[in-house]
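Each remark here refers to the structure printed beneath this line.
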Amino acid sequence: MESRIPRVEGWQKGVGRVPMMIDGEWVEAGGRWIPVENPAHKGTLAGEVPRGGAAEVDRAVQAAKAAFPAWKRTPARERGKAFLKLADALEAEREEFARLYSLETGNAIATQSRGETMLTADLLRYFGGVASEIKGEVIPLGEQLFSYSRREPLGVVGGIVPWNAPLALAALKICMALVAGNTLVLKPSVEAPLAVTRLVELAHRFLPKGVLNVVTGTGAEAGEALLRHPGLAKLSFTGSTEVGRTVMKAAAERIIPVSLELGGKSPQIVFPDADDEATAAQVINGMRFVRQGQSCTAGSRLLLHASIFDSFLEKLTARLRAFKIGEPLDEATQMGAIVNERQYLTVLDYIREALAQPGARALCGGLPPPKAPFTEGYFVEPTVFVGVRPEWRICREEVFGPVLVALPWNEEAEAIRMANDTHYGLAAFLYTRDVTRALRTAHEIEAGFVQVNQGGGIVPGQSYGGFKASGIGREWSLEGMLEAFTQRKSVTLNLA
Ligand code: NAD
């Protein structure tokens, strides 16, 4: 099949109109298109995608339904092999993927887009490799009884993903659902549908048609239509806690299982013995500044022991002031643009509101200066606030931008109480050389993903998911795939 997605040569030229892929074919939505803006260059287009709605969702679900019986019967090892091949194909085109990804999301190619492309290949390989681990058990009910359990796929899965790590999160839904024997209708975000569509196109080299379908469109149209479709056996959603509630209600109406990977406002606790350059570098990593803070696991609340409050912030802000911000395709750029105008304005609102509060101060960053590149695209400098109060919006809500708040504490118990004082519970980062204190604190923290002395992201194979309002279910691991994308059946044979 001829690819409909041209190579990205530079930012000046977008990729034009990119149809969606349903039942192995390129599909448009009756002449309705949605522009995907290039956020690093306001007013220029990265591309356009069809504005799919109920009709396209229905077509995709019917295709997935028709493909399910044969795919379910395909041996799991064979299903897995398709993803090992897809990983190789993606890796062979990694530079093209990274450029397309930077064009639509505004992420810097050197610090984010290449890394996420390789993480995506890693994910595909992991799930392709564990395919034959979809095992059951034999239950010893007696000599005359052979009783065993098997894990069966659910049917057609509806997957909805956000824009902030679109390639890895789409690949995650695709390989977990399909390796387990389900078929999938995937709805990417309209802010970042291009690299995902390219991945789906590539996957069709190795998958039968109808097994994997993508419908582009808005949340209100394509998203809602997918949630309500009676043909689905499962909903798997990654996005905001607010939309997660709607997804859960839709699943409740039809009593189908649901997985939710939602938002966060994660703490980074620095103990007095970690007032050093290495920790400052990891805090920057944990805050995901190179992704403009647009990560569900961003450690956006920095809880510093009072004795090192000023000295640590000096180290941290010196590094952040030196950040190179600008053209995402430039190799020297460390930090690109916020994904779109709406998100940019939201981030600026949080900054403006905090600046207007008595006592609050931005040690670095703040509102964007009136000069290039800030006037060209949706760029915001790394921003660190002090003098904030824990009850303010900026300390409680997910800003989803490069905005970190720093708060002091004196006692360990106080730090833990502050860390847990949130309705979220996704990630946490702790910095200390004292192993006993590190583990004691890690066990007290109400979060699903805790790291000590490092700020990195999730590695395939780790159990990942949120406590409290950050989600339901676990993804990224074999166990997560088995729990979320298969159902057990118990079979007993009387041998007497
Ligand atoms: P969002 O909730 O606005 O949108 C996510 C997806 O849902 C998009 O595809 C969107 O089109 C769709 N959608 C929106 N409204 C819908 C509706 N009514 N019905 C059906 N679908 C609908 O989130 P976003 O702004 O794209 O992404 C940022 C959010 O995602 C943040 O809250 C972030 O923390 C969260 N996130 C969580 C994880 C995780 O693993 N926990 C990972 C990445 C992002």
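Reckoned from all heavy atoms, side chains included, excluding hydrogens, waters and symmetry mates. Order of appearance sets the numbers: ligands from 1, and atoms from 1 within every ligand.
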Can you pull out the closest protein heavy atom to atom 17 (C) of ligand 1? Residue, atom name and distance to 0.1 Å, please.
Gly219 O, 3.5 Å

Counting only heavy atoms, which portion of Leu169 has something under 4.0 Å from ligand 1: side chain, backbone, both, or neither?
side chain

Salt-bridged, Lys468 to Glu446, with N to O below 4.0 Å?
yes

Cation-pi between Arg393 and Tyr350: NZ/CZ under 6.0 Å from ring centre and within 45° of the ring axis?
yes

When you compare ligand 1 with Glu224, is there at least one nitrogen or oxygen pair between them that comes in under 3.5 angstrom?
yes

Any N/O of Val161 closer than 3.5 Å to an N/O of ligand 1?
yes

Who gets closest to atom 16 (C) of ligand 1 by heavy atom: Ile160, Leu186, Val243?
Val243

Should the proximity of Val190 to ligand 1, defined as any heavy atom under 4.0 Å, be assigned to the side chain, the backbone, both, or neither?
neither

Do Asn340 and Glu191 meet the criterion of a side-chain donor-acceptor pair at a distance under 3.5 Å?
yes

Under 3.5 Å between any N/O of Gly217 and any N/O of ligand 1: does that happen in this structure?
no

What I want to check is whether the side chains of Ser3 and Glu201 have a donor and an acceptor closer together than 3.5 Å.
yes

Ion pair Glu56/Arg59, N-O distance below 4.0 Å:
no

Heteroatom distance test (Ser240, ligand 1): nitrogen or oxygen, under 3.5 angstrom:
yes

For atom 40 (O) of ligand 1, which of Trp163, Tyr464, Trp476 has the closest heavy atom?
Tyr464

Strictly below 4.0 Å, N to O, side chains only: are Lys249 and Glu253 in salt-bridge contact?
no

Please say which of Pro19, Pro193, Pro188 ends up in a side-chain contact (heavy atoms from CB on, under 4.5 Å) with Val214.
Pro188

Below 4.5 Å, heavy atoms only, C-beta onward: do Ile160 and Thr238 meet side chain to side chain?
no

Below the 3.5 angstrom mark, is there an N/O of Ser295, backbone or side chain, next to an N/O of ligand 1?
no

Select one of side chain, backbone, both or neither to describe which atoms of Leu426 lie under 4.0 Å from any atom of ligand 1, heavy atoms only.
side chain

Is Arg125 close to Glu91 at the side-chain level, that is, under 4.5 Å between some pair of heavy atoms?
yes

Heavy atoms only, cut-off 4.0 Å: how does Pro188 contact ligand 1, side chain, backbone, both, or neither?
backbone

Below 3.5 angstrom, do we get any N/O pair linking Asn164 and ligand 1?
no

Got an N/O contact under 3.5 Å between Glu398 and ligand 1?
yes

